[in-house]
Undergrad: 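Quick one: structure below, then a few questions.
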Number of protein chains: 2
Amino acid sequence: MDALDERIVRALAEDARRAYADIGAEVGLSAPAVKRRVDRLRARGAITGFTVRIDPAVMGRGTEGLIELYCRSRTAPADIRRALARYPEVASASTVTGEADAVVQVFASDMRHFERVLERIAGEDFVERTKSVLVLSPLLRRHAPDLPA
Amino acid sequence: MDALDERIVRALAEDARRAYADIGAEVGLSAPAVKRRVDRLRARGAITGFTVRIDPAVMGRGTEGLIELYCRSRTAPADIRRALARYPEVASASTVTGEADAVVQVFASDMRHFERVLERIAGEDFVERTKSVLVLSPLLRRHAPDLPA
DNA sequence: ACTGAAATAGAAAGACC
DNA sequence: GGTCTTTCTATTTCAGT
């Protein structure tokens with residue numbers, strides 16, 4: 001993972017469908033050289049795939065919220081994961097330090113929908129209580145946030 | 001945005017570099033038809049781009065945390081945005097309902113790094129106090145969370 | 001308006017040095 | 001790592017529904 005790899009990943013983060021030759025021209029490599037590095041990054045697991053960026057609002061998922069889960073003692077993370085995986089509205093979930101056990105990010109079509117999802121999640125048997133906030137406006141959403149400065 | 005568009009977006013969400021002909025075979029369209037629909041989705045703003053999925057750990061950003069910001073009265077969201085945009089460690093930030101004014105997602109290389117970022121953010125002049133949690137383990141990270149069920 | 005088929009332009013993948 | 005060649009894909013054109 002050298003400076004060249006990083007520049008390649010940054011280029012792909014901005015546009016994952018950019019041609020290797022194009023990226024190569026930017027970083028000073030030939031197209032095959034760029035491809036080889038991308039292949040290596042994938043093999044190593046640094047790049048885990050390519051995906052599309054979507055506008056939640058346009059896709060009818062304009063209502064975003066965060067739900068903190070307070071779980072029963074001895075709830076296994078795997079159980080939380082399994083339960084949440086059944087909700088298509090759940091975008092991400094992580095166990096966290098602090099009072100809550102997990103934070104869940106939810107995208108719903110509207111407030112009514114969000115409320116319904118919240119109630120269903122709160123009704124999961126391992127959930128003791130929840131605390132939720134609604135996202136007012138996304139200030140920042142980085143494409144490749146996971147890159148060293 | 002019909003059922004076909006949705007299936008195409010789902011396919012791209014799983015692998016944005018998949019060939020149009022390939023996606024077409026799955027949804028029952030020819031390659032040009034798929035391309036035309038993708039172009040339309042981009043034009044409409046439903047698809048905002050293509051990006052790469054990265055493993056934060058492998059990229060040296062294995063420490064994730066969430067920081068709640070409690071801001072001075074009359075702090076404009078734009079000011080928060082401008083300030084946070086200067087931190088490469090900030091992956092996302094949103095204003096929220098509830099006690100806190102904003103929630104910031106940060107990826108750092110390690111605890112020391114996270115602490116440094118937290119202190120710098122806490123030191124921003126519009127920030128009165130912060131409350132932060134560390135992410136223990138990501139349970140779920142959906143590729144295309146923003147799609148209608 | 002949207003589709004598929006065919007033709008062209010372009011990029012990716014592989015062999016080779 | 002670059003160069004060259006082959007193969008595949010994207011893109012455009014055109015015509016049909």
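Per chain, numbering begins at 1; letters A, B, ... match sequence-line order.
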Undergrad: If you look only at distance, which donor and acceptor atoms sit under 3.5 Å apart when one is on a side chain in residues 114-131 of chain A and the other is two or more places apart or in another chain?
TA:
unit_1, atom_1, unit_2, atom_2, d
A:Glu124, OE1, A:Arg86, NH2, 3.3
A:Glu124, OE2, A:Arg86, NH2, 3.1
A:Glu124, OE2, A:Tyr87, OH, 2.7

Undergrad: Does B:Asp101 have any salt bridge (charged side-chain N to carboxylate O under 4.0 Å, His left out) partners at least two apart in sequence or in another chain, and if so, which?
TA: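 B:Asp101: no salt bridge (charged side-chain N to carboxylate O under 4.0 Å, His left out) contacts found.
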
Undergrad: In degrees, rounded to 10°, what is the bend between the two ends of the helix from C:dA1-D:dT17 to C:dC17-D:dG1, using five pairs at each?
TA: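 Axis angle across the helix from C:dA1-D:dT17 to C:dC17-D:dG1, nearest 10°: 30°.
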
Undergrad: Would you indicate whether the side-chain heavy atoms of B:Arg17 and A:Leu12 approach each other to under 4.5 Å?
TA: yes

Undergrad: Can you check whether B:Arg37 has a side-chain N or O nearer than 4.0 Å to OP1 or OP2 of C:dT3?
TA: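 For C:dT3, OP1 or OP2 has a side-chain N or O of B:Arg37 closer than 4.0 Å.
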
Undergrad: Under a 4.5 Å cut-off applied to non-hydrogen side-chain atoms, are A:Leu139 and B:Pro77 in contact?
TA: yes

Undergrad: Could you name each residue pair satisfying salt bridge (charged side-chain N to carboxylate O under 4.0 Å, His left out) that touches residues 31-48 of chain A, not counting sequence neighbours?
TA: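 Listed once each, the pairs are A:Asp2-A:Arg37, A:Asp5-A:Arg37, A:Asp5-A:Arg40, A:Lys35-A:Asp39.
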
Undergrad: Got a salt bridge between A:Arg61 and B:Glu6, using NZ or NE/NH1/NH2 to carboxylate O under 4.0 Å?
TA: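 Here A:Arg61 does not pair with B:Glu6 in a salt bridge, since their nearest N and O are not under 4.0 Å apart.
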
Undergrad: Between C:dC2, D:dT3, C:dT3, spot the one nearest the side chain of A:Ser30, thanks.
TA: D:dT3

Undergrad: How long is the line joining CG of A:Asp22 and C1' of C:dG10, in whole Å?
TA: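 Taking atom C1' of C:dG10 as the reference, CG of A:Asp22 is at 12 Å.
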
Undergrad: Under the salt bridge (charged side-chain N to carboxylate O under 4.0 Å, His left out) rule, collect the residues that match up with A:Arg18, sequence neighbours excluded.
TA: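 Salt bridge (charged side-chain N to carboxylate O under 4.0 Å, His left out) list for A:Arg18, sorted by chain: A:Asp22, A:Glu26.
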
Undergrad: So that I can tick it off, tell me whether B:Glu14 and B:Arg10 are bridged by a salt bridge, with the cut-off set at under 4.0 angstrom between side-chain N and carboxylate O.
TA: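 No, no charged N to carboxylate O under 4.0 Å.
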
Undergrad: Heavy atoms under 4.0 Å, any strand shown: does B:Gly28 hit a base, just sugar-phosphate, or nothing?
TA: sugar-phosphate

Undergrad: Nucleotide by nucleotide, 5' to 3', does protein get under 4.0 Å of the base (B), only the sugar-phosphate (S), or neither (-) in nucleotides 12-17 of chain C, counting heavy atoms?
TA: SSB---

